[in-house]
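Down below is the structure, laid out as structure tokens.
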Protein chains: 2
Amino acid sequence: MSEIRVRNPVIAKLQHATALRAEDRAVLEALTAQAIELPAHAELVREGDCPPHVHVVLSGFACRYKTLPDGGRQIMAWLTPGDFCDLHVAVLGAMDHAVATLSPSRLALLPRNGMEEITDRHPALARAFWWATLVDAAILREWLVNLGRRPGEQRIAHLFCELLARLRATGLAEDGEMDFPLTQADLADTVGLSAVHVNRIVQDLREAGLIKWRSGRLRILDVAGLESLAGFNPSYLHLLR
Amino acid sequence: MSEIRVRNPVIAKLQHATALRAEDRAVLEALTAQAIELPAHAELVREGDCPPHVHVVLSGFACRYKTLPDGGRQIMAWLTPGDFCDLHVAVLGAMDHAVATLSPSRLALLPRNGMEEITDRHPALARAFWWATLVDAAILREWLVNLGRRPGEQRIAHLFCELLARLRATGLAEDGEMDFPLTQADLADTVGLSAVHVNRIVQDLREAGLIKWRSGRLRILDVAGLESLAGFNPSYLHLLR
DNA sequence: CGGGCTTTTGAGCCAAATCAAAAATAGTGG
DNA sequence: CCACTATTTTTGATTTGGCTCAAAAGCCCG
């Protein structure tokens with residue numbers, strides 16, 4: 001009985017928040033049944049918008065980012081399968097940043113109106129959405145530490161450790177190996193370094209036997225080694241186990 | 001009729017979120033009636049805690065921060081009057097960072113149990129608390145841009161502009177002048193620079209006629225000039241007006 | 001008026017930026 | 001399946017913003 005389990009990443013992720021009953025899971029399945037496909041570098045939401053749907057990543061990578069007057073870009077979050085892109089916009093009224101895909105992606109669009117009804121009717125889901133939003137903020141805090149106080153090599157190592165932990169939590173990493181469809185320039189815009197310097201650091205990590213990265217796949221060869229280099233402690237992700 | 005208006009900073013701040021009825025304001029007044037006084041550098045909450053109260057700053061400055069293995073410290077938020085320190089901990093289960101005062105401060109302690117009852121009974125307050133949490137995250141995103149992509153001088157200029165806007169929103173800044181009880185070392189731990197370098201930048205800002213800063217007071221002499229140097233755009237604060 | 005912070009100054013150094021160009025990869029259409 | 005482009009990665013050389021270390025000067029406060 002080699003059954004293929006088609007996991008819904010949203011369910012897999014939110015299960016770290018609260019115990020979800022079959023009924024809650026069914027609601028999430030229904031919500032994410034309709035999806036759209038987008039190519040890489042498609043802008044889902046732009047700064048100032050108040051989009052009529054909540055976007056949820058089902059596959060692929062997206063990111064939050066801001067563009068500076070001088071053309072520079074700072075990526076402020078990687079959105080991986082299961083992540084909500086703009087849950088908060090109803091409360092804040094307008095996006096203070098843009099969201100775009102980093103790779104070809106599948107996105108679910110939840111009508112914003114329906115959300116309120118759902119959270120009223122399913123308190124566990126309301127709680128889970130809250131949790132997801134707060135974990136987003138916790139990740140942001142750790143990224144701030146990363147940029148403020150860690151040298152380049154540790155920054156990148158830390159980010160790789162985090163990504164592995166997050167993807168593992170949604171069942172999307174095996175044996176330290178995962179999709180990683182970003183360019184080195186994307187990575188540079190994430191960690192606040194130049195693309196050239198990122199390139200040299202990545203080479204160092206490769207030569208140290210810590211990672212293998214080619215054609216959109218990243219493999220952590222020595223998880224313990226990379227975590228200790230990065231000073232990684234996953235507690236800020238607030239995952240189970 | 002020179003009436004002295006004793007403003008409650010929590011009310012002043014949350015009024016930017018939703019229209020608060022007299023009833024809601026009365027609840028906030030009652031909640032923040034009881035306060036404790038703390039000296040500078042008192043640790044309110046430490047990493048891993050799940051404190052039994054929600055702390056709210058009434059006067060003085062506090063901060064969120066993490067300490068690194070090498071002794072380095074990264075400040076991840078300045079908590080000014082009206083700010084909640086640990087609203088989120090009930091959902092996440094444990095603090096992923098510490099909170100401490102930066103100056104002598106007055107704090108209100110709201111019993112965590114009471115919170116749920118209040119938000120159930122006063123939807124406008126529930127909404128306002130949500131808003132405050134999301135604005136916190138928006139500020140964090142802007143700080144990430146600050147550390148990732150702006151050179152030292154702009155970083156500090158931007159932070160000063162933000163502080164002015166926030167304090168003005170709670171009625172705590174007049175004519176570009178405000179309390180600023182931090183040391184240059186605190187500022188350095190906020191912007192991810194060394195204290196020595198912060199000192200040199202502050203001197204540059206002074207010599208450029210942009211700021212005046214002594215004995216715990218900061219005055220922005222040329223708001224427009226500082227904002228244009230920093231590339232400051234206040235929309236991420238989601239304030240009215 | 002003396003001791004502990006905090007701010008300031010100076011000198012030397014290093015991580016990371018910039019600029020420029022070559023090599024490798026990945027797409028695309030014929 | 002191959003040539004032709006465009007993007008991405010890599011290398012090298014040079015510059016610079018910001019760091020470290022160390023010590024002096026200024027301040028605050030009992």
Side-chain angles (χ1 to χ4, degrees), chain A residues 39-42 61 68 70-75 100-104 146-159 179-207 211-218 229-230, chain B residues 39-42 61 68 70-75 101-104 146-159 179-208 211-218 229-230:
Chain A
H41 312 118
F61 279 48
L68 290 150
D70 71 345
R73 175 177 71 151
Q74 177 65 45
I75 291 177
T101 56
L102 287 167
S103 71
N146 220 22
L147 298 213
R149 284 288 172 239
R150 283 197 263 260
E153 193 174 48
Q154 281 184 42
R155 273 187 221 185
I156 291 177
H158 197 280
L159 206 53
D179 279 337
F180 192 69
L182 309 213
T183 65
Q184 293 184 3
D186 292 331
L187 184 52
D189 286 345
T190 305
V191 292
L193 299 170
S194 71
V196 171
H197 197 231
V198 163
N199 177 272
R200 297 196 229 264
I201 291 171
V202 167
Q203 287 178 62
D204 290 347
L205 293 175
R206 280 202 266 249
E207 273 155 37
I211 65 163
K212 192 175 252 178
W213 172 19
R214 48 179 292 275
S215 58
R217 296 283 296 174
L218 173 64
L229 169 66
Chain B
H41 312 119
F61 279 49
L68 291 150
D70 70 346
R73 176 176 71 149
Q74 177 65 44
I75 291 177
T101 56
L102 288 166
S103 71
N146 221 20
L147 297 212
R149 284 287 171 238
R150 283 198 263 259
E153 194 174 51
Q154 282 186 40
R155 273 187 222 187
I156 290 177
H158 196 281
L159 206 53
D179 278 337
F180 192 69
L182 310 212
T183 65
Q184 293 184 3
D186 292 331
L187 185 51
D189 286 345
T190 304
V191 292
L193 299 170
S194 72
V196 170
H197 197 231
V198 163
N199 178 271
R200 298 198 226 262
I201 291 171
V202 167
Q203 287 178 63
D204 292 346
L205 293 175
R206 278 202 267 249
E207 274 155 38
I211 65 162
K212 193 175 254 180
W213 172 18
R214 47 179 295 273
S215 58
R217 295 284 294 176
L218 173 65
L229 170 65

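Letters A, B, ... are given to chains in the order of the sequence lines, protein chains preceding strands, and every chain is numbered from 1. Nothing here was measured: the structure is a model prediction, and the numbers come from that model.
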Please write out the pairs of protein N or O atoms and N or O atoms of nucleotides 1-3 of chain C separated by less than 3.5 Å, giving the distance to one decimal.
none

Residues A:D70, B:R149; criterion salt bridge (Lys or Arg N to Asp or Glu O under 4.0 Å); working and verdict: CA-CA 10 Å; A:D70 71 345; B:R149 284 287 171 238; over 6 Å; no
So [Y] and [X], do their side chains get closer than 4.5 Å, heavy atoms only?
| X | Y | answer |
| --- | --- | --- |
| A:R150 | A:H158 | yes |
| B:D179 | B:L218 | no |
| B:E153 | B:L205 | yes |

B:W213 and B:R206: CA distance, side-chain angles, deciding distance, side chain to side chain contact (heavy atoms under 4.5 Å, CB included) verdict: CA-CA 8 Å; B:W213 172 18; B:R206 278 202 267 249; 3.9 Å; yes
B:A188 versus B:S194, closest heavy-atom pair with distance: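 Closest approach of B:A188 to B:S194: CB-C, 3.8 Å.
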d([atom1], [X]; [atom2], [N]) in whole Å:
| X | N | atom1 | atom2 | answer |
| --- | --- | --- | --- | --- |
| B:L187 | C:dT8 | CG | C1' | 15 Å |
| A:D204 | D:dT9 | CG | C1' | 15 Å |
| B:D186 | C:dT6 | CG | P | 8 Å |
| A:L147 | C:dA15 | CG | P | 19 Å |
| A:N199 | D:dT7 | CG | P | 19 Å |
| B:E207 | C:dT7 | CD | P | 17 Å |

Short side-chain N/O contact from A:Q203 to OP1 or OP2 of D:dT9, under 4.0 Å: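 It does not, given that no N or O in the side chain of A:Q203 lies less than 4.0 Å from OP1 or OP2 of D:dT9.
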Phosphate OP1/OP2 of C:dT8: any B:Q184 side-chain N/O under 4.0 Å: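 For C:dT8, OP1 or OP2 has a side-chain N or O of B:Q184 closer than 4.0 Å.
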Under 3.5 Å: donor-acceptor pair, side chain of A:S103, backbone of A:F61: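 Yes; at least one donor-acceptor contact below 3.5 Å.
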Check: B:P104 main-chain N/O paired with B:T101 side-chain donor or acceptor under 3.5 Å: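 Side chain of B:T101 to backbone of B:P104: no pair is present.
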Contacts of B:R200 that satisfy salt bridge (Lys or Arg N to Asp or Glu O under 4.0 Å) - sequence neighbours left out: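 Testing B:R200 for salt bridge (Lys or Arg N to Asp or Glu O under 4.0 Å), a comparison that skips the adjacent residues, returns none.
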Summary of protein contacts for nucleotides 13-30 of chain D, nucleotide by nucleotide, where a base hit scores B, a sugar-phosphate-only hit scores S (4.0 Å, heavy atoms): B----SSBB---------
